[in-house]
Amino acid sequence: MTLDELLTQSGEWLKGTGPEADIVISSRVRLARNLRDIPFAVRATEQQKRDLEERIREKTASSPFFKDALSLDVAGIDNVDRLLLVERHLISREHASAQGPRGVTISRQETLSLMTNEEDHLRIQALRSGLQLDAAWQEANAADDALETMLPYAYSPQLGYLTACPTNVGTGMRLSTLLHLPGIVLAKQVDRVFHTLARINYSVRGLYGEGSQALGDFYQISSQTSLGKSEPDMIAEMQSSIVPEVAKFERSCREKLMKENGLRITDRVSRSYGILGNAQLITSEETLELLSSLRFGVYLEIIKDVDLKLLNELFIFSQPGHIQKLAGKTLEPAERDRARAELIRRRLAS
Amino acid sequence: MKCQICNKNDARVHVTEMDSQQKVTKELHICDECAKQKGIAYKVELNISDLLSGFIDPNVGKTLKDMTELKCPVCGMSYAEFRAKARLGCANDYEAFDKGLLPLIEKIHGGTQHCGKHIRGTSPSVAAREREIRILERRLEQLVKTEKFEDAARVRDQIKSLKSSKEKEQNDVR
């Protein structure tokens, strides 16, 4: 598999299937792991980082678990390629903008990625469409088992997996779900929901992780603590109660809004569809806002000829890295706006 | 939407004021910076640097000076450097800085015992035993403080036997 092939496929997690897929776009399980025989990132030398890259590449190449995977030298690829990987949720923004030797190994279906020399030596990440934290955990856990047989993990019986930051110590696990919450936003209930979640140790952030803005009513809800509970317990809590509760509240907000302001919402959805289908120039921010509105319309069955898979794909393929990669060259913002508008018109018309 | 106070940054904090009848009396849309200045706390995520800067461990208070001079013999990182960077230098730091780290970990996670997946060569029973040892050690401290020496001696023997079986098991693994 090559990096360019990512453009010809759309990633398992964009299928728009799985439980609660109308509200929960994707589920992600991340495991942080370190080796006990070399210093962590802040103390490691360039040479030690390079050696780690080499070591991981050798191990994954010989492991049946990573057969057919794509291994990339993140430091060696250009900015557009790095952006593409961020937009695809295969590497973190921090990993893209960091300095020094670092890499990523991506499975054929894009369900699994392994970042090396991120904040921790290894960051194993599994992605799924809809609310499927359990399935994502199973894959991440299996990859972790395979890696553990080949590498000496830093682990203590008391504190579990030892990580560069004490916020990740223990299971090294963080659970995240990406949700579309236009109802809660329109009903001005965002603060209430987020404060409640913060109180029980869940964080809410924008689309691309730490510090990013919530665009188009897309929010990431993530677990905050990693020590003191087993992985299956943490997954059960988030998958069976926390996220379904938020989804339930979102649905009730949507219903209430439709009852009270149906015409206004239908108007907004229809206008969004009109602009997306006809615009000649469109920024990525405007695209996200309008796609959010369109997605709401699909849920409300105001829009009947667009499905979730197409929406999810547009959501990713209309972003700057994908637009430039599709064009095969670096584009100025104005050129991107034109290429983006054209892509959206074409995809919506087909 | 621009911040209604500074008119420069994007408004990201939305405040709704209500009266006693739950009627909205005021709506304010402001940026993070102005929210901070106005003292409107809006915690969206746990920030380790903030935690560290506001965190003074009661156990370490007296010996904070000694702690900041503490260095990990393996990677050379000092405790002061960890407090500044909020990232550890190697696996051994957890042991080297345990006096400062354990209370911090307790504050972050609400506990200091891993209950999840374990690597080969360790077993959940090892983890459980470690926990047991720590609980007993705390009890021993209390008993000595309150001068209940007979009970203390019994607890001390319990700890001893738990520790020796732990060592035996570790040797078996090796």
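As the structure is a computational prediction, the values presented were derived from the model and not from experiment. Within every chain, numbering begins at 1; the chains are lettered A, B, ... in the order of the sequence lines, protein sequences first and strands thereafter.
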> Out of A:P232, A:A154, A:G170, which one racks up the most heavy-atom pairs below 4.5 Å with chain B?
Replying inline: A:G170

>> What part of A:R192 gets within 4.5 angstrom of chain B, counting heavy atoms only: side chain, backbone, both, or neither?
In response: neither

>> Can you confirm whether more than 12 heavy atoms, excluding those of B:K2, are under 6.0 Å from its NZ atom?
In response: yes

> Backbone N or O of B:T112 within a donor-acceptor pair of the A:Q158 side chain at under 3.5 Å?
Replying inline: yes

>> If the contact rule is any heavy atom under 4.5 Å from chain A, which residues of residues 89-98 of chain B qualify, in numerical order?
In response: B:G89, B:C90, B:A91, B:Y94

> Just wondering, are more than 12 heavy atoms of other shown residues or ligands nearer than 6.0 Å to NZ in A:K49?
Replying inline: yes

> Counting heavy-atom pairs under 4.5 Å to chain B, which of A:D233, A:T171, A:V169 comes out on top?
Replying inline: A:V169

> Looking only at heavy atoms, what is the nearest atom pair of B:K117 and A:N141, with distance?
Replying inline: NZ-OD1, 2.5 Å

>> Within the supplied structure, the quantity of interest is the number of heavy atoms (other residues, nucleotides, ligands) at a distance under 6.0 Å from A:R50 CZ; does it exceed 12?
In response: yes

>> Test your reading of the model: is there a side-chain donor-acceptor pair from B:Q113 to the backbone of A:L159, 3.5 Å cut-off?
In response: no

>> salt bridge (charged side-chain N to carboxylate O under 4.0 Å, His left out) for B:E81 and A:R43? Distances and angles first, verdict last.
In response: CA-CA 11 Å; B:E81 197 184 338; A:R43 280 263 145 190; 2.5 Å; yes

>> Using the salt bridge (charged side-chain N to carboxylate O under 4.0 Å, His left out) criterion, which residues pair with A:D37? Sequence neighbours excluded.
In response: A:R55

> Tell me, side chain or backbone of A:T163 under 4.5 Å from chain B's heavy atoms, or both, or neither?
Replying inline: both

> Got a second to check how far A:R36's CZ is from B:I119's CD1, nearest 0.5 Å?
Replying inline: 6.0 Å

>> Report which part of A:D145 has an atom under 4.5 Å of a heavy atom belonging to chain B: side chain, backbone, both, or neither.
In response: both

> A:P166 and B:A86: which non-hydrogen atoms are nearest, and at how many Å?
Replying inline: CD-O, 4.3 Å

Return all side-chain donor-acceptor pairs below 3.5 angstrom for residues 144-156 of chain B, not counting sequence neighbours, or 'none' if the list is empty.
| residue | atom | partner | partner atom | Å |
| --- | --- | --- | --- | --- |
| B:T146 | OG1 | B:Q142 | O | 2.9 |
| B:T146 | OG1 | B:L143 | O | 3.2 |
| B:D151 | OD1 | B:R154 | NH1 | 3.4 |

> Could you state the interatomic distance from OG (A:S230) to NE2 (B:H114), rounded to the nearest 0.5 Å?
Replying inline: 9.5 Å

>> With rounding to the nearest 0.5 angstrom, report the OH to NE2 distance, A:Y155 to B:H118.
In response: 6.5 Å

> When only pairs under 4.5 Å are counted, which of A:A164, A:G228, A:A41 shares the most heavy-atom pairs with chain B?
Replying inline: A:A164

> What heavy-atom pair brings A:L227 and B:H109 nearest, and what distance separates the two atoms?
Replying inline: N-ND1, 3.5 Å

>> How long is the straight-line distance from OG1 of A:T225 back to CD1 of B:I105, given to the nearest 0.5 Å?
In response: 13.0 Å

>> I'd like to check the salt bridge (charged side-chain N to carboxylate O under 4.0 Å, His left out) partners of A:E231; sequence neighbours left out, ordered by chain and number.
In response: none

>> Testing the basics here: between B:R120 and A:T149, what is the closest heavy-atom pair and its distance to 0.1 Å?
In response: NH2-CA, 3.8 Å

>> Any heavy-atom pair between the side chains of A:Q224 and B:I108 that's under 4.5 Å?
In response: no

